[in-house]
**Q** 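Structure in structure tokens, see below.
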Amino acid sequence: MIRLRNIRFRYNSRYVLDGLDFSVNPGDRVGLVGPNGSGKTTLCHIIMGLLAPDSGEVEVFGKLRKSEADFREIRGRIGFLFQDADDQLFCPTVLEDVAFGPLNMGKTPEEAKGIVHETLRSLHLEGLADRVTYRLSGGEKRLVSLATVLAMDPEILIFDEPTAGLDEETTERLISILNDSDLTYVLISHDRDFVSRTTNTVYQLGRGTMCRMG
Amino acid sequence: MKSDITIGGYLPLDSVLHGLDPRTKLLGLIAMLASIFWSPVPAGVLATAVPIFILAVLSRAGWKIWLRSTYRFAVMLAAVLGLNVFFRTQGRPVFMGQWELPITWEGLEIGLIFTFQIMQAIVAALVLTFTTSPTEMSRGVELLSKPLKRLRVPVDDLGMVVLLAMRFVPLLQQELNATIEAQKSRGVDFRKGRLSTRAGNLVALLSPALSGALRRADLLALAMTARGFQPGGTRTQFKPLKFRRADRTAVGVLLLFLGCRLTLLP
């Protein structure tokens, strides 16, 4: 599904990714760990086409992706959950926020509404539909962010620090949601316990490359 | 819910004004502003105050919300009044007993009228934002600015810009509050010290608040792109707007009022 070859990316003169190879296959649940600044988020942004590598090949869904148009095609198929839920939620209400992606993909208002209610129901968030997004609690925001991504019916999910700032209860809820799903995903986290309970392959990033840990 | 409203925050209530099309309300606001600032004739200004008061009542926001929202502008209104009263020196001087005060009757009159006009404009604008959700507002702006498309103005994105700008207000408030708390915890007191020190403390807030806002804007753009948004691209509307009977009645009443105001009290 995703294949990165010899990826190099630098901030100023420092290469955070230096000749990195990475792949994700259907059914994989990949955990990415590593110190701050090791390039975990950068790697995910490159997969989404939000950042362009200095060199290397990005192949997603069996096709080399180079231009913005190439990546536009895959954005509906890869869900990206941002580190800070406030960056993910920008519409006035939960209903509108979850519908944002489906509407961009050309769904009718009725279809979008159906998708929103189904997604919120699957995450047990039915009561939040008409709530104002910025007034939600941290945990609610995180789960609604997940709903905004799931509403696009992605084939792969990318989570950037999904447990950052979450209490134990919401973290457990997230773990059970992930374990009950049949999604393929890549997950960035500093929380080793969370990673070990939700992934089947873990990679450590550092000094521009990555190595498999388990 | 009402306890933490932000400036101009939408109040999800059920009122006649909430039910109107946002285009009607936007045009209404423009018409009311024209009426408010048409001429500084006391009778005209007072005549405009009546419909604005009625609109404020019709919004069903409640007097507590109105009090809290307008109180935030008290300093600005006081400054407007002060500047007009103290810097307009031509005219008949005002006496207190045998003492001649450094103000004139003309300055006082103009100051009071101008302050009252601004207060009315604030209330009219708040009526709009209290009764129109950000999504409706952005859609209204987008549709009203459609003629500008011929001039190659990106009107399709204009609505989204309005929506995001409104979303940013509470976020920026949070960002600013967090910075203030961080500075307070390091011993900065924003209420003490000389005026220049306090001004310096406030300036020190701007840099982190601005960089935070820019960082958020950057991430927001990424988040929107990641969810399939394309500037200028076609997008289905969640709630297509409809011009109903109530809108036609509202426009009729508005035109009637505007006609009377501009002809009878020019």
Side-chain angles (χ1 to χ4, degrees), chain A residues 41 44-45 47-51 68-69 71-93 95-113 115-116 130-135 145 148-152 154 157-158 160, chain B residues 1-6 8-12 129 132-139 156 159-175 178 212-242:
Chain A
T41 301
C44 293
H45 282 192
I47 295 171
M48 290 294 290
L50 302 174
L51 288 174
E68 172 62 20
F71 283 104
R72 208 175 290 146
E73 189 206 324
I74 64 161
R75 281 184 193 132
R77 299 169 71 185
I78 303 181
F80 192 98
L81 198 74
F82 281 73
Q83 201 165 351
D84 186 346
D86 272 325
D87 297 325
Q88 185 108 25
L89 305 174
F90 43 81
C91 293
T93 63
L95 184 78
E96 289 164 286
D97 227 318
V98 181
F100 184 83
L103 291 173
N104 280 332
M105 294 162 78
K107 303 282 182 197
T108 64
E110 288 72 30
E111 285 172 336
K113 217 172 270 183
I115 291 169
V116 172
D130 294 318
R131 293 270 300 275
V132 176
T133 48
Y134 75 85
R135 289 192 189 122
S145 300
T148 65
V149 172
L150 291 178
M152 295 179 78
L157 269 172
I158 298 176
D160 192 354
Chain B
M1 182 274 301
K2 285 185 182 182
S3 62
D4 64 342
I5 56 155
T6 50
Y10 171 63
L11 300 173
T129 55
T132 315
S133 79
T135 314
E136 288 177 329
M137 186 90 81
S138 70
R139 188 73 184 128
D156 297 325
M160 190 53 74
V161 170
V162 171
L163 182 73
L164 294 179
M166 293 177 83
R167 170 70 181 101
F168 255 58
V169 172
L171 274 181
L172 289 179
Q173 276 189 352
Q174 278 174 18
E175 200 92 40
L214 291 173
R215 183 190 63 80
R216 278 198 185 280
D218 206 23
L219 285 167
L220 199 66
L222 287 180
M224 292 176 73
T225 311
R227 279 160 70 193
F229 178 76
Q230 294 169 49
T234 47
R235 190 168 184 272
T236 319
Q237 289 307 317
F238 207 23
K239 291 178 192 165
L241 298 181
K242 270 187 187 163

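For clarity, every value in this text was computed on a predicted model and none was experimentally measured. Side chains are part of it too, since the values below use all heavy atoms of this structure and drop only hydrogens, waters and symmetry mates. Letters A, B, ... mirror the listed sequences (proteins, then strands); counts begin at 1.
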**Q** What's the spacing between A:Leu103 CG and B:Arg227 CZ if we round to 0.5 Å?
**A**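 Separation between the atoms: 10.5 Å.
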**Q** For a quick test of reading the model, state the closest non-hydrogen atom pair linking B:Ala223 to A:Asp87 and the distance between them.
**A**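 For B:Ala223 versus A:Asp87, the nearest heavy atoms are CB-O, 3.2 Å.
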**Q** Report the C-alpha distance between A:Gln88 and A:Thr133 in whole Å, list the side-chain angles of each, state the deciding distance to 0.1 Å, and finish with yes or no for side-chain contact (heavy atoms from CB on, under 4.5 Å).
**A** CA-CA 10 Å; A:Gln88 185 108 25; A:Thr133 48; over 6 Å; no
**Q** A:Leu51 versus chain B, heavy atoms under 4.5 Å apart: side chain, backbone, both or neither?
**A**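 Neither; nothing under 4.5 Å.
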**Q** Determine the minimum heavy-atom distance between A:Pro154 and A:Ile78, stating which atoms define it.
**A**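 It is CB-C, 4.1 Å.
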**Q** Given heavy-atom pairs under 4.5 angstrom as the criterion, report whether the side chain, backbone, both or neither of A:Met105 touches chain B.
**A**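 Neither the backbone nor the side chain of A:Met105 comes within 4.5 Å of chain B.
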**Q** Which atoms form the tightest heavy-atom contact between A:Leu50 and A:Phe82, and what is the distance?
**A**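 Nearest pair, atom of A:Leu50 first, then A:Phe82: CD1-CZ, 4.4 Å.
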**Q** Checking A:Thr93 against chain B: side chain, backbone, both or neither under 4.5 Å from a heavy atom?
**A**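 The answer is neither part of A:Thr93.
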**Q** Side chain, backbone, both or neither: which part of A:Lys113 has a heavy atom under 4.5 Å from chain B?
**A**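 Contact with chain B is through both the backbone and side chain of A:Lys113.
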**Q** Side chain, backbone, both or neither: which part of A:Asp160 has an atom under 4.5 Å from a heavy atom of chain B?
**A**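 Neither the backbone nor the side chain of A:Asp160 comes within 4.5 Å of chain B.
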**Q** For A:Phe80, is it the side chain, the backbone, both, or neither that has a heavy atom closer than 4.5 Å to a heavy atom of chain B?
**A**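 Answer is side chain: those atoms of A:Phe80 sit under 4.5 Å from chain B.
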**Q** Heavy-atom pairs under 4.5 Å with chain B: which of A:Thr108, A:Val149, A:Thr148 has the most?
**A**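 Counting heavy-atom pairs under 4.5 Å, the top option is A:Thr148.
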**Q** A:Asp130 versus chain B, heavy atoms under 4.5 Å apart: side chain, backbone, both or neither?
**A**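 Neither; nothing under 4.5 Å.
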**Q** Side chain from CB out, backbone as N, CA, C, O: work out which of these in A:Phe100 comes under 4.5 Å of a heavy atom of chain B, or both, or neither.
**A**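 Contact with chain B: backbone and side chain both.
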**Q** Could you tell me the separation between the OH atom of B:Tyr10 and the CE atom of B:Met137, rounded to the nearest 0.5 Å?
**A**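 Nearest 0.5 Å value for the OH-CE distance: 10.5 Å.
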**Q** So, for A:Lys107 and A:Glu111, which heavy atoms are closest and what is the spacing to 0.1 Å?
**A**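 Result for this residue pair: CA-OE1, 3.5 Å.
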